[in-house]
Amino acid sequence: MTTQAQAAPAAQDSPERVLGMVQAINDALDVAMSMDDTVFELGEDIQDPAGGGFKVHKGLSTKFGLDRVRPTPISEQAIMGAAVGAAIAGMRPVAEIMLMNFISVAADQLINHAAKIRYMSGGQTKVPLVVRTTTGAGGGFGAQHSDMLEAPLTHTAGLKVVVPSTAADAKGLLLSSIFDDDPVVFVEMFMLYYSQKGHVPPGDYRVPLGKLRTAREGSDVSLISWGRQVHECVAVADKLSADGIDAEVIDLRSLVPLDREGLLNAVGRTKRAVVVHEAVRRSGYGAELAATIHEELFGELAGPVRRVGGADTPVPYARNLEAEFLPHAGRIEQAVRSLF
Amino acid sequence: MTTQAQAAPAAQDSPERVLGMVQAINDALDVAMSMDDTVFELGEDIQDPAGGGFKVHKGLSTKFGLDRVRPTPISEQAIMGAAVGAAIAGMRPVAEIMLMNFISVAADQLINHAAKIRYMSGGQTKVPLVVRTTTGAGGGFGAQHSDMLEAPLTHTAGLKVVVPSTAADAKGLLLSSIFDDDPVVFVEMFMLYYSQKGHVPPGDYRVPLGKLRTAREGSDVSLISWGRQVHECVAVADKLSADGIDAEVIDLRSLVPLDREGLLNAVGRTKRAVVVHEAVRRSGYGAELAATIHEELFGELAGPVRRVGGADTPVPYARNLEAEFLPHAGRIEQAVRSLF
Amino acid sequence: MTTSLDTETRIEVSPQILLGIYTTAIKIKIYDDTYVSALKTGKAAGMYYSPRGQEIIPSAFAQVLRTDDYVLTIYRGIHDQIAKGVPLRELTAEFLGRATGTCKGKGGPMHITHPDSGLMVTTGVVGSGLPIGVGIALAAQMRGTDQVTVVNFGDGASNIGAFHEALNLASVWNLPVIFVCQNNQYAEYTAYAVGTSAKHIADRAAGYSMRSFRVNGNDPAQMYHAALASVEAARAGNGPTLIEAETYRFRGHTPADPMQYMPKEELQQAIAADPVPALRQRLIDESIATEDELGALEASLKQEIDEAFEFALASPQPDPSELYTDL
Amino acid sequence: MTTSLDTETRIEVSPQILLGIYTTAIKIKIYDDTYVSALKTGKAAGMYYSPRGQEIIPSAFAQVLRTDDYVLTIYRGIHDQIAKGVPLRELTAEFLGRATGTCKGKGGPMHITHPDSGLMVTTGVVGSGLPIGVGIALAAQMRGTDQVTVVNFGDGASNIGAFHEALNLASVWNLPVIFVCQNNQYAEYTAYAVGTSAKHIADRAAGYSMRSFRVNGNDPAQMYHAALASVEAARAGNGPTLIEAETYRFRGHTPADPMQYMPKEELQQAIAADPVPALRQRLIDESIATEDELGALEASLKQEIDEAFEFALASPQPDPSELYTDL
Ligand SMILES: Cc1ncc(C[n+]2csc(CCOP(=O)(O)OP(=O)(O)O)c2C)c(N)n1
Ligand SMILES: Cc1ncc(C[n+]2csc(CCOP(=O)(O)OP(=O)(O)O)c2C)c(N)n1
Ligand SMILES: [Mg+2]
Ligand SMILES: [Mg+2]
């Protein structure tokens with residue numbers, strides 16, 4: 001087995017190809033495993049013919065074998081722990097936790113070990129691990145299958161946290177995460193799996209961690225978001241432009257590392273900010289962003305940083321309640337208008 | 001077995017008695033179990049003669065029997081899960097998770113079940129559970145035994161989160177938590193176990209959840225904190241008064257429910273706020289408080305809300321590094337002075 | 001303390017019990033058929049995990065449990081819920097997220113709760129019900145009641161940490177709890193042996209010094225015997241039991257599942273041995289009931305189920321204010 | 001596949017191996033004695049979990065393992081660390097939080113890591129090392145090396161979920177990993193049977209179709225045999241082993257522990273059977289070494305250890321900037 005990185009396989013795809021987010025992630029996994037023999041996957045039900053609950057791994061176990069695309073028992077602690085161990089011993093595991101709520105089953109391995117081992121060992125060992133997971137409200141999956149739990153992860157020193165919003169970013173950020181030497185939690189939102197389609201560059205395409213993307217230019221207010229809500233923000237911004245409010249939409253892409261400079265530059269220009277995220281509002285990552293913006297731009301803002309989040313409740317099942325739980329366009333628009 | 005609350009036992013203690021925090025907690029457990037047969041404890045090593053790693057339970061298994069003060073295997077998921085189940089079935093369990101980092105082992109039961117069951121059942125079942133735990137840096141216990149993890153708990157809808165700073169509060173808040181019908185995580189800081197001593201009222205003494213305590217009056221700036229750092233803040237405030245800065249110190253006592261009104265009134269008066277907590281600064285509860293204060297008091301503040309937290313690192317072992325990790329007096333003072 | 005019921009054992013069961021088991025099992029089957037066609041026609045939408053093939057297990061327990069006994073189950077739990085007596089109207093309304101549901105529509109299919117029927121918890125996190133069941137059994141033991149707790153879960157769940165901790169704790173505390181592993185041979189798209197190192201899940205009981213039975217869960221008599229023996233033991237204060245009930249899942253993990261991972265013949269064989277019609281035939285063969293009687297029973301059940309769907313479909317969504325209540 | 005080594009079996013071991021085991025064991029014992037007195041005199045401060053009584057277990061493994069084999073241990077791990085060859089100066093410096101420590105003083109006693117010696121992880125969270133060890137073994141298997149991974153843990157740890165998941169996964173993947181349960185009869189202040197439902201922890205191996213040995217961990221020959229057989233199996237691709245090594249903890253869980261929960265006679269009996277002096281006597285009795293030779297060995301070890309302490313005590317604390325590095 002070779003552990004050296006090899007050249008990426010020649011891109012066989014048309015440069016103009018359009019992929020959904022599921023295919024983009026599949027492509028990133030394919031490219032990473034082709035490039036580097038130390039990259040492998042482990043998780044529940046990821047083997048063919050199913051290729052995972054959302055078909056993310058379709059074809060990969062057939063191509064790379066069950067040694068590299070390893071179906072596991074339902075044992076999140078063992079999945080996470082085995083990934084940590086393999087990472088310490090020189091591999092680049094990509095572990096799948098089927099749904100983000102199940103990270104709570106494996107939280108010890110993630111918080112006490114993956115995040116801390118490099119620090120505790122004084123840099124002797126490192127944990128080049130990616131934990132991929134998916135989640136989100138809106139699918140009618142109820143309180144135990146829908147939570148966005150990125151905020152607690154950003155509070156865990158030693159973890160990187162990435163949430164892609166487009167197909168191309170999903171690929172480019174995942175490849176960067178896999179070849180990063182620190183543990184990255186890569187949060188996919190399944191409501192984007194099929195709704196997001198776009199041009200995805202072939203081959204070893206990378207999007208660096210810690211660089212925000214301006215999803216929409218604008219000068220009057222900055223809407224700051226990640227994942228699914230970026231698209232909600234763009235829709236609201238488009239609507240508001242009819243009323244003469246020119247809103248910028250910022251897609252953070254990675255929450256840790258945070259593109260602090262890019263963020264503060266943007267809000268420094270627009271003087272108004274609304275942070276939008278799906279997670280429960282209280283103690284969400286929006287709080288960290290709002291606190292930071294106020295600290296750095298005190299006296300320069302035209303109004304307080306508004307936070308639009310999920311309701312401070314579990315995710316309810318009934319369709320109407322779930323829709324109201326979400327930080328929907330109505331609430332985003334209201335928050336923006338309150339600043340003018 | 002009677003499940004009705006009975007009259008509290010006649011207080012045998014002198015009304016002037018002075019107890020340490022460990023004794024105050026022991027007293028609260030004793031009173032609760034005497035009053036109500038449905039109250040019981042479970043946790044590792046809590047039985048006599050040891051009575052727990054910090055002797056919190058000393059004498060209780062002898063007095064109430066091993067049926068009510070139940071030593072468990074090292075099985076945090078089972079401890080937490082059994083407590084959830086017993087609570088649903090009409091008991092008032094008080095579970096001990098020996099150190100707060102180990103809550104990560106049982107996070108599924110806490111986050112996905114304890115917090116959500118009342119909501120998911122549409123109010124048919126409730127979870128009157130207290131999870132007691134202890135933690136804190138400064139004891140030289142290293143990265144896996146020192147974390148303050150209250151912020152993620154405040155992000156979990158359905159949980160209450162309490163952090164006492166004095167012996168009397170520890171008793172009064174614990175009794176309120178035990179007789180609350182919702183799950184409460186009760187975070188003790190072991191650095192206070194022996195350092196905090198004070199008058200502790202006998203009998204069924206309760207301090208309501210959601211009411212802050214003004215630990216020190218002051219008019220120029222509000223230092224907002226909880227647990228051990230309240231005492232750091234008072235010390236800094238005392239020192240600053242020599243320089244003519246009259247600092248108020250607010251002890252939140254319970255983070256959820258938050259005494260929002262009391263907090264905003266205080267900062268509305270002083271116009272300056274510094275939030276101080278031991279947990280890692282990034283995405284700590286200080287962010288939520290800062291964001292809230294700015295939202296509500298925009299334009300009224302003399303400066304941004306400053307946040308002083310633990311370093312954005314794991315807790316290091318070496319004494320000098322651990323001391324620097326902590327939000328020590330030097331850093332608090334600097335933050336306060338930056339507002340003048 | 002570990003004993004094991006040989007799968008070959010032939011056990012006698014009274015005609016009345018057999019008829020009782022059938023009555024519950026056919027109710028579950030008709031309910032499932034109705035739900036699946038409602039999904040196809042678009043009358044119902046959302047998550048559904050069919051229990052087809054596994055009906056006998058809770059139906060046998062229903063002959064032994066009291067209303068005040070406790071049951072916990074999982075997302076794939078409609079058979080357990082029906083068998084425990086959760087009323088069909090409120091149950092269906094909850095599945096469809098309506099205000100009239102058991103949980104006011106806030107829990108949904110994966111979180112059915114109905115304490116009045118003893119159905120305490122339905123969980124969507126694999127294995128998480130086991131420690132909670134231990135706690136419910138502990139409450140019964142501490143109160144000195146003789147209530148029994150039954151925790152249902154799948155074969156895949158036997159590989160998660162919570163299983164281990166729960167069985168160990170139940171054993172050291174000698175709790176009145178019965179762990180029922182409904183071994184349908186698959187965890188989602190993964191076959192038993194890919195994830196499970198034990199030849200049989202019941203083999204794990206020895207590591208907890210726990211009584212265990214391994215039975216053909218589709219055989220009414222064997223299943224009844226295991227249920228009866230374990231419930232009697234629990235009620236008498238003789239502690240927990242692990243039952244491995246071997247069965248098979250006739251439908252996909254979810255309705256969208258094309259079931260490509262199952263060998264065709266294996267599935268066909270299992271369906272050919274469908275325990276519900278087999279039991280029906282036995283009732284007729286042994287003159288326990290006539291074709292007419294069973295036909296009338298089935299028709300009345302179908303009517304009750306259809307009415308439950310109508311009730312649910314006619315019910316409103318919860319009031320928007322419910323988003324913020326029960327917290 | 002499950003086999004068990006009877007504790008009565010008498011096994012032959014070469015003089016050289018016995019001497020090797022003693023050399024490691026006495027080094028551990030002297031180190032422990034030195035540390036405990038440093039704590040008493042205030043030269044050392046902080047957490048310390050004495051392994052006194054458990055020295056034979058890693059000392060036997062040391063005769064079998066290679067430097068490039070992997071070991072994981074727990075807070076009570078100084079015996080495992082010394083046996084694996086972690087250099088005493090850096091080890092001691094890490095215990096005392098100095099810049100010259102294995103981890104620059106940032107990990108501390110509960111988190112000793114020294115990959116150059118194959119000591120990969122020391123964990124403070126009970127049971128958490130087992131899944132990590134599985135992953136390290138997996139890496140070796142995937143790379144096609146013949147490195148073996150040994151994961152040490154206590155009896156109490158066998159009741160936590162991670163144990164279950166790790167053993168199951170190691171078995172289904174047939175990994176080169178050895179789970180060594182150092183059963184010292186107590187988990188903190190709680191006796192074995194209060195928390196553990198299995199008569200013997202080795203009984204749990206059957207639930208994972210795993211090879212297992214239950215041995216007297218204080219008997220050098222038994223322990224050596226179990227280590228050798230399990231390492232040879234792992235190296236040959238024949239999968240994991242669970243070893244239950246029965247032993248006893250001679251000192252408190254921590255130095256502050258008054259040990260009131262231990263029956264006095266039980267402790268006295270265990271100390272009377274102290275395996276380290278017993279092995280020493282055997283070496284003399286069987287003319288494997290002379291009193292003089294052993295005395296010289298011990299004196300030189302004592303000197304090495306004292307020098308390690310001096311080195312550590314003379315070392316500076318880490319530079320304050322280290323707070324923010326290695327992240
Ligand atoms: C902790 C956890 N991990 C993963 C899942 C996703 N998941 C849902 S059902 C299932 C398979 C469960 O199989 P089994 O226990 O055999 O029950 P069955 O569905 O066959 O009845 C999985 C992996 C989950 N719900 N919870
Ligand atoms: C998950 C977890 N729970 C609790 C503790 C606290 N704790 C530290 S050591 C210990 C006892 C462990 O006993 P055992 O596994 O037998 O190992 P020993 O200390 O006897 O070597 C406990 C409960 C912990 N460190 N981790
Ligand atoms: Mg199954
Ligand atoms: Mg032990």
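From a predicted model like this one, the values you see are computed outputs, not experimental measurements. Each chain gets a letter, A, B and so on, in the order its sequence line appears, and its residues count up from 1. All values below were derived from every heavy atom in this structure, side-chain atoms included, with hydrogens, water molecules and symmetry-related copies excluded.
In terms of non-hydrogen atom pairs under 4.5 Å with chain A, the most contact-rich of V256(B), D312(B), I293(B) is V256(B). For the set S104(A), A106(A), G310(A), the entry with the most heavy-atom pairs within less than 4.5 Å of chain B is S104(A). The candidate from D108(A), D147(A), L153(A) with the greatest count of non-hydrogen atom pairs under 4.5 Å with chain B is D108(A). With chain B as partner, the option from A287(A), A157(A), G142(A) having the largest number of non-hydrogen pairs under 4.5 angstrom is A287(A). Among A290(A), P304(A), G286(A), A151(A), the residue making the largest number of heavy-atom pairs under 4.5 Å with chain B is P304(A). Among R306(B), E296(B), Q144(B), the residue making the largest number of heavy-atom pairs under 4.5 Å with chain A is Q144(B).
Neither the backbone nor the side chain of L289(B) comes within contact range of chain A, judged by heavy atoms closer than 4.5 Å. Contact of N101(B) with chain A is made through backbone and side chain together, with heavy-atom distances under 4.5 Å. The part of Q77(B) that comes within reach of chain A is its side chain, from C-beta onward, which places non-hydrogen atoms under 4.5 angstrom from that chain. Using a 4.5 Å cut-off between heavy atoms, L301(A) contacts chain B through both its backbone and its side chain. Interface remark: V305(B) contributes backbone atoms only to the contact with chain A (heavy atom separation under 4.5 Å).
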Side chains of residues 313-320 of chain A: which donor-acceptor partners sit under 3.5 Å, not counting sequence neighbours?
| residue | atom | partner | partner atom | Å |
| --- | --- | --- | --- | --- |
| Y317(A) | OH | F95(C) | O | 3.0 |
| R319(A) | NH1 | G138(A) | O | 3.1 |
| N320(A) | ND2 | P318(C) | O | 2.8 |

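Side-chain contact between T292(A) and R282(B) is absent, with no heavy atoms from C-beta onward closer than 4.5 Å.
Within the structure, side-chain hydrogen bond (donor to acceptor under 3.5 Å, both in side chains) contacts touching residues 150-160 of chain A (residues at least two apart or in different chains) are E150(A)-W226(A), T154(A)-S283(B), K160(A)-D180(A).
Using non-hydrogen atoms only and a strict 4.5 Å limit, no part of residues 332-340 of chain A faces chain B. For a heavy-atom cut-off of 4.5 Å, chain A lies close to A279(B) in residues 259-279 of chain B.
Rounding to the nearest 0.5 Å places CD1 of I111(A) at 10.5 Å from CD1 of I103(B). To the nearest 0.5 Å, atom CZ of residue R307(A) and atom NE2 of residue H294(B) are 11.0 Å apart.
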